[in-house]
Number of protein chains: 2
Amino acid sequence: MVNASINHPGAMDIKGAAPSALPDLPSAKDKTLFTPGPLTTSLSVKQAMLRDAGSWHFEFNAVVASVRDRILRLAGVSREAGFEAIPLQGSGTFGVEAVFATSVPPSGKVLVLANGAYGERMVMMLQRARIEHAILRTATDILNDPAVLDRELAADKAITHVAAVHCETTTGILNPIVEIGKVVKRHKRTYVLDAMSSFGAIPIDFDAAGIDYLISSANKCLEGVPGFSFVIARRSMLLACEGYARSLSLDLLDQLKGFEKNGQFRYTPPTHAILAFQQALNEFDQEGGVSGRAARYQRNHSLLLEGMKQMGFRPYLPPEVQTYIITSFHYPDDPKFSFHDFYNKLSDRGFIIYPGKLTQANCFRIGTIGRIFEADIRALLAAIRETIDDLGVCIKNGRR
Amino acid sequence: MVNASINHPGAMDIKGAAPSALPDLPSAKDKTLFTPGPLTTSLSVKQAMLRDAGSWHFEFNAVVASVRDRILRLAGVSREAGFEAIPLQGSGTFGVEAVFATSVPPSGKVLVLANGAYGERMVMMLQRARIEHAILRTATDILNDPAVLDRELAADKAITHVAAVHCETTTGILNPIVEIGKVVKRHKRTYVLDAMSSFGAIPIDFDAAGIDYLISSANKCLEGVPGFSFVIARRSMLLACEGYARSLSLDLLDQLKGFEKNGQFRYTPPTHAILAFQQALNEFDQEGGVSGRAARYQRNHSLLLEGMKQMGFRPYLPPEVQTYIITSFHYPDDPKFSFHDFYNKLSDRGFIIYPGKLTQANCFRIGTIGRIFEADIRALLAAIRETIDDLGVCIKNGRR
């Protein structure tokens with residue numbers, strides 16, 4: 001196994017591609033996104049944005065209230081059980097930072113479990129916010145270790161919060177959030193979970209895991225468009241954080257109070273993204289909720305993995321830690337392989353894949369979430385086969 | 001003149017209105033928004049969102065690069081002259097806070113010129129971020145005072161930054177940003193301007209005012225949809241702020257470095273809102289840029305003011321400080337007037353106005369920006385006349 005470190009997202013430069021605006025002669029349809037989000041969404045989700053809603057108006061506020069309720073319901077928690085759903089403007093990163101900026105007391109300390117770029121990003125947030133922190137790193141292909149966490153929490157009483165990443169999109173690894181949570185709760189610390197790319201498609205048991213703050217985003221497995229994240233927070237815990245906030249925009253407690261005062265976002269909400277999200281939730285229900293969506297993504301992933309292996313591609317992760325959200329594949333061993341050419345030729349064929357994020361292993365990634373189906377995976381596999389042939393790359397020798 | 005203090009945005013509760021979701025039987029068109037944003041936008045701007053763009057993909061990055069260039073061009077500045085346009089996820093408030101969070105040194109102090117809620121909001125940001133600050137308040141109907149600022153800056157050498165609001169949307173007052181800027185520059189301090197609701201429709205002379213950081217938003221006079229703000233920053237000044245940032249999400253210098261590294265937003269951008277903005281800029285150019293847009297908004301405002309005065313409504317501000325973005329009107333003196341009923345009956349007729357934001361003066365506001373024309377203003381005036389008749393309110397005695 002490779003103990004790879006993390007590369008900057010998108011550091012791989014796609015040179016030589018015409019850096020013009022969207023093509024002058026528009027195509028009939030968009031390229032399909034096999035990425036971790038923003039994703040390919042349904043036309044009906046996008047069409048829900050063909051409206052202008054007033055952010056102060058009661059009709060829009062009713063949508064906000066309904067969306068907040070539905071987030072709780074699909075998470076399997078409720079207001080009665082002490083939870084609140086708090087949408088926040090900006091990307092998922094803003095939501096994660098808001099939890100730290102609001103909930104960690106001045107004397108608090110956060111322990112971050114990191115095995116990828118999103119764990120490392122939490123560390124960067126804590127550094128910027130001058131919040132005391134420590135890091136438990138495992139290699140990018142190794143799960144967070146509850147036993148090490150247990151020893152660390154026993155040894156360091158200053159730690160108030162433990163933060164983990166559910167599906168680490170860097171590789172596609174799925175961390176053991178219930179086992180981690182049991183340790184965190186046994187030591188009576190606060191548990192923060194970044195479930196950005198898993199929420200809605202991988203079942204999460206709040207009770208079993210003892211989650212206090214969960215963060216996800218509109219444009220991941222719920223298949224909305226980007227514009228806001230949301231936090232599911234234990235209300236009593238959040239209310240106890242009065243005066244801690246280090247930022248106004250990222251003050252999650254104040255955001256909650258705003259909703260409770262007049263049903264509104266404190267500051268201009270992304271009205272169109274919220275309307276799209278409402279429609280995305282309708283389509284989520286229509287698909288059978290978490291289990292329905294999980295089933296489709298699982299089929300997408302299985303088909304992809306099987307097809308890629310048949311061509312000789314090797315997945316980065318061992319199957320026992322790999323989940324069905326996104327999959328990293330090693331570059332073929334053939335020196336003729338160029339990711340630049342591979343990416344561009346797939347793009348020309350209408351398929352957008354994703355670069356790797358590891359510095360020590362040459363990988364690319366393929367997402368299997370969003371409004372994509374088996375037919376899209378089959379089409380992608382055919383395009384990959386053609387592209388590899390075009391490039392004259394031999395990948396048979398790369399087979400495990 | 002009334003020395004009114006500021007009310008919480010939207011604190012006026014519209015009770016009794018059916019808090020259901022958007023109506024089950026959809027209307028043929030949206031209600032027209034006479035608000036300070038989100039605004040009524042063109043259908044073609046919204047249609048630009050019927051696409052899914054990959055946030056890592058070179059085609060989308062080319063759009064981002066083009067949008068950044070066009071913001072500079074329409075501001076009348078350039079990269080050659082030392083400026084950068086930096087879009088940031090979230091609402092306008094996030095952009096203003098990002099400037100403070102990134103550019104104020106640990107030992108810095110910000111002087112805020114406040115005559116409305118947006119000046120007060122800056123104070124709240126500085127409090128949360130534990131940044132030293134002072135406030136020069138004038139009444140909500142009185143302009144910022146450059147002479148008082150001059151004395152304050154001479155007296156307090158600890159002040160590093162001066163922050164002002166161009167058009168204070170609380171009332172619609174237009175502050176003297178060039179006169180303020182000349183004082184700030186004479187004292188060699190950094191000048192931060194919140195031009196949220198003016199940029200693109202009120203000419204701003206960067207050179208004359210000596211602006212170092214200007215913040216505006218996609219969903220104001222440029223008539224895009226909400227989802228991001230942008231900062232026009234003096235590059236050399238921003239580059240000198242290394243290490244100051246108190247937040248990762250709001251780190252404007254890191255955001256700039258991200259664009260310069262690989263053309264990308266560091267974290268998931270609101271792709272649809274960016275595509276809509278590109279189209280909004282096309283339509284802005286088509287209208288003749290700042291002067292064309294200003295002319296339409298001026299006509300909207302003049303027509304509104306004339307019509308409202310004819311009915312007996314009194315504007316809150318004296319004409320010499322009132323600009324054409326948004327206008328506050330006193331409630332009629334008749335005790336039969338209820339803003340709740342007035343608002344709801346106008347909403348039933350398809351017109352959304354805006355509540356007041358002053359605690360000591362009972363006002364409502366009407367915005368004259370967004371994709372609205374003289375015909376929309378005439379229709380609004382007719383609806384107001386009918387509504388006042390419906391309510392049996394006498395406003396003649398309210399006339400100045």
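Values in this document were obtained by computation on a predicted structure and should not be read as measured data. A note on names: the letters A, B, ... follow the listed sequences, proteins ahead of strands, and every chain is numbered from 1.
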If you tally heavy-atom pairs under 4.5 Å against chain B, which of A/Gly54, A/Ser247, A/Ala129 wins? A/Ser247

Turns out that what part of A/Asn219 lies under 4.5 Å from chain B's heavy atoms comes down to side chain

B/Phe265/B/Trp56 aromatic ring centres below 6.0 Å: no

Is it true that a side-chain atom of B/His272 and a backbone atom of B/Arg51 form a donor plus acceptor pair closer than 3.5 Å? yes

Which bit of A/Leu126 is near chain B, if near means a heavy-atom gap under 4.5 Å: side chain, backbone, both or neither? neither

Have a look at B/Asp52 and tell me which of A/Lys46, A/Lys29, A/Lys31 forms a salt bridge (Lys or Arg N to Asp or Glu O under 4.0 Å) with it. A/Lys46

Pick one of side chain, backbone, both or neither for B/Asp254, based on which atoms fall under 4.5 Å of a heavy atom in chain A. side chain

Partner chain A: residue of B/Val45, B/Leu88, B/Thr268, B/Leu43 with the largest heavy-atom pair count (under 4.5 Å): B/Thr268

Identify which part of B/Ile352 has an atom lying under 4.5 Å from any heavy atom of chain A, answering side chain, backbone, both or neither. side chain

So, the part of A/Thr35 with a heavy atom under 4.5 Å from chain B: the answer is neither

Keeping the roles fixed (side chain from A/Gln255, backbone from A/Pro87), state whether a donor-acceptor pair exists under 3.5 Å. yes

For chain A, which of B/Thr41, B/Thr271, B/Leu39, B/Thr40 has the most heavy-atom pairs under 4.5 Å? B/Thr41

Tell me, out of B/Gly37, B/Ser217, B/Ser55, who's got the most heavy-atom pairs with chain A below 4.5 Å. B/Ser55

Would you check if the side chain of A/Arg128 reaches a backbone N or O of B/Arg246 as a donor-acceptor pair within less than 3.5 Å? no

For this output row, return yes or no: ring centroids of A/Phe94 and B/Tyr267 closer than 6.0 angstrom. no

Select, from A/Met125, A/Met124, A/Met49, the one with the greatest count of heavy-atom pairs under 4.5 Å involving chain B. A/Met49

Is it the case that A/Tyr354 and B/His57 place a side-chain donor and acceptor less than 3.5 Å from each other? no

